[in-house]
Amino acid sequence: MVAGRLCSDPLARRSFFRVAGVTVAGGPAAFIAACGAKRGSPTATTATTTGASADVAILNLALDVENLAIAAYAGGAKLLRGPLLKLGKEFLLHEREHASGLSEAIKQLGGTPNKAKPSYNFPKLVSQKDVLRLASKIENTAIAAYIDAIPKLSTPDLRATAAAIVTNEAEHLAVLQGALKRPQTPTAFVIGKP
């Protein structure tokens with residue numbers, strides 16, 4: 001299964017994002033061409049620019065959530081112990097890869113990736129359980145954001161990238177819920193909560 005491999009193999013994920021980033025550059029133009037507009041026509045140029053601009057805005061919102069997750073995992077690591085510390089470091093690596101892939105896609109579309117904030121207003125974290133709860137909330141938010149974004153993205157490549165990321169975020173959430181002794185899949189469909 002491709003999604004499982006992307007989640008468990010960092011090299012496969014990097015390759016996926018590299019390929020997605022390369023094909024994203026021509027995606028909007030190909031989309032317009034497939035709809036019958038000719039390259040160079042005012043309709044094609046306007047639609048391509050509008051589609052890319054909308055995609056950049058959507059991807060930057062996703063990047064903001066990834067940067068939030070990176071800050072949470074990095075800041076919370078000092079409170080994690082044993083297998084949960086190892087897991088937190090792995091999830092941090094995943095979130096950094098997501099951010100890197102999104103940034104590259106944004107650049108390929110001619111946009112500028114949002115930068116991480118210098119600090120985030122997290123609640124005071126004093127225990128491992130606090131970190132797990134915060135990470136669960138952020139993963140839930142990320143899932144909701146990606147599910148909302150997928151149908152709005154203009155190319156199949158971008159939608160596939162977002163779908164791969166949301167799958168990984170759902171896996172993170174399931175593991176975090178298990179660590180908190182909560183049901184890992186409380187419903188048949190993981191939809192996230194905004």
Side-chain angles (χ1 to χ4, degrees), residues 1-10 12-14 16-17 20-21 24 54-77 80 84 87-106 113-114 116-117 120-123 125 128-194:
M1 176 178 254
V2 174
R5 192 168 141 249
L6 286 173
C7 294
S8 64
D9 181 358
R13 253 190 323 278
R14 278 189 216 108
F16 174 80
F17 284 127
V24 162
D55 287 342
V56 165
I58 292 166
L59 295 176
N60 262 321
L61 289 173
L63 181 57
D64 290 341
V65 175
E66 294 297 341
N67 286 330
L68 178 70
I70 290 167
Y73 283 116
L80 298 176
L84 289 176
L87 197 65
K89 287 180 179 180
E90 184 178 332
F91 288 2
L92 175 59
L93 175 66
H94 293 173
E95 303 302 351
R96 285 181 174 152
E97 289 172 351
H98 298 166
S100 176
L102 290 169
S103 294
E104 187 58 33
I106 291 165
N114 289 349
K117 293 180 182 179
Y120 292 88
N121 190 20
F122 293 130
L125 304 175
Q128 185 166 260
K129 199 170 192 176
D130 290 343
V131 174
L132 297 174
R133 281 189 198 126
L134 175 63
S136 289
K137 285 180 186 176
I138 293 170
E139 296 290 359
N140 231 326
T141 300
I143 291 166
Y146 281 107
I147 288 174
D148 183 58
I150 289 171
K152 295 176 184 174
L153 293 167
S154 68
T155 69
D157 290 332
L158 290 175
R159 289 190 294 272
T161 298
I165 294 173
V166 77
T167 301
N168 187 243
E169 304 296 12
E171 290 174 345
H172 289 180
L173 181 59
V175 171
L176 293 166
Q177 292 295 90
L180 286 165
K181 308 288 189 240
R182 295 178 182 162
Q184 292 177 293
T185 52
T187 62
F189 298 100
V190 178
I191 58 168
K193 296 177 187 170

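In this chain, residues are counted from 1 in sequence order. As a basis for the values below, the full set of heavy atoms in this structure was taken, side chains included, without hydrogen atoms, waters or symmetry mates.
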Among all residues two or more places apart in sequence or in another chain, which pass the side chain to side chain contact (heavy atoms under 4.5 Å, CB included) test with Ala116?
Asn67, Tyr120
Counterpart residues, side chain to side chain contact (heavy atoms under 4.5 Å, CB included), relative to Lys152 (two or more places apart)
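Testing Lys152 for side chain to side chain contact (heavy atoms under 4.5 Å, CB included), a comparison that skips the adjacent residues, returns Ile58, Asp148.
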Which atom names give the shortest non-hydrogen contact between [X] and [Y], and what distance separates them?
X	Y	value
Ala163	Thr167	O-OG1, 2.8 Å
Leu153	Ala162	CD1-CB, 3.9 Å
Ala72	Leu134	CB-CD2, 4.0 Å
Arg159	Ser154	NH1-C, 3.5 Å
Pro113	Ile106	N-CG2, 3.6 Å
Leu102	Leu59	CD2-CD2, 3.8 Å

So which pairs with a foot in residues 153-183 pass ring pair (Phe, Tyr, Trp, His ring centres under 6.0 Å), sequence neighbours left out?
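Non-adjacent pairs meeting ring pair (Phe, Tyr, Trp, His ring centres under 6.0 Å): Phe91-His172, His94-His172.
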How would you list all residue pairs meeting ring pair (Phe, Tyr, Trp, His ring centres under 6.0 Å) that involve residues 130-149, not counting sequence neighbours?
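Qualifying pairs, neighbours excluded: none.
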Can you name the residues that form a side-chain hydrogen bond (donor to acceptor under 3.5 Å, both in side chains) with Ser136, not counting sequence neighbours?
Gln177
Could you pull out all residues at least two apart from Lys117 that satisfy side-chain hydrogen bond (donor to acceptor under 3.5 Å, both in side chains)?
none
Working to the nearest 0.5 angstrom, can you tell me the gap between [X] [atom1] and [Y] [atom2]?
X	Y	atom1	atom2	answer
Leu87	Leu92	CG	CG	11.5 Å
Leu93	Lys89	CG	NZ	12.0 Å
Glu104	Thr161	CD	OG1	11.5 Å
Leu176	Lys137	CG	NZ	13.0 Å
Leu173	Thr141	CG	OG1	10.0 Å
Leu132	Leu84	CG	CG	5.5 Å

Could you check if a side-chain atom of [X] sits within less than 4.5 angstrom of a side-chain atom of [Y], using non-hydrogen atoms only?
X	Y	result
Leu68	Phe122	yes
Glu139	Glu171	no
Asn60	Leu63	yes

Is the side chain of Ser103 donor-acceptor paired with the backbone N or O of Ala99 at a distance under 3.5 Å, no angle test?
yes
Residue pairs fulfilling salt bridge (Lys or Arg N to Asp or Glu O under 4.0 Å) with at least one residue in residues 58-68, sequence neighbours excluded:
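Output for this query is empty, none listed.
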Arg133: which residues meet the salt bridge (Lys or Arg N to Asp or Glu O under 4.0 Å) condition with it, sequence neighbours left out?
Asp130
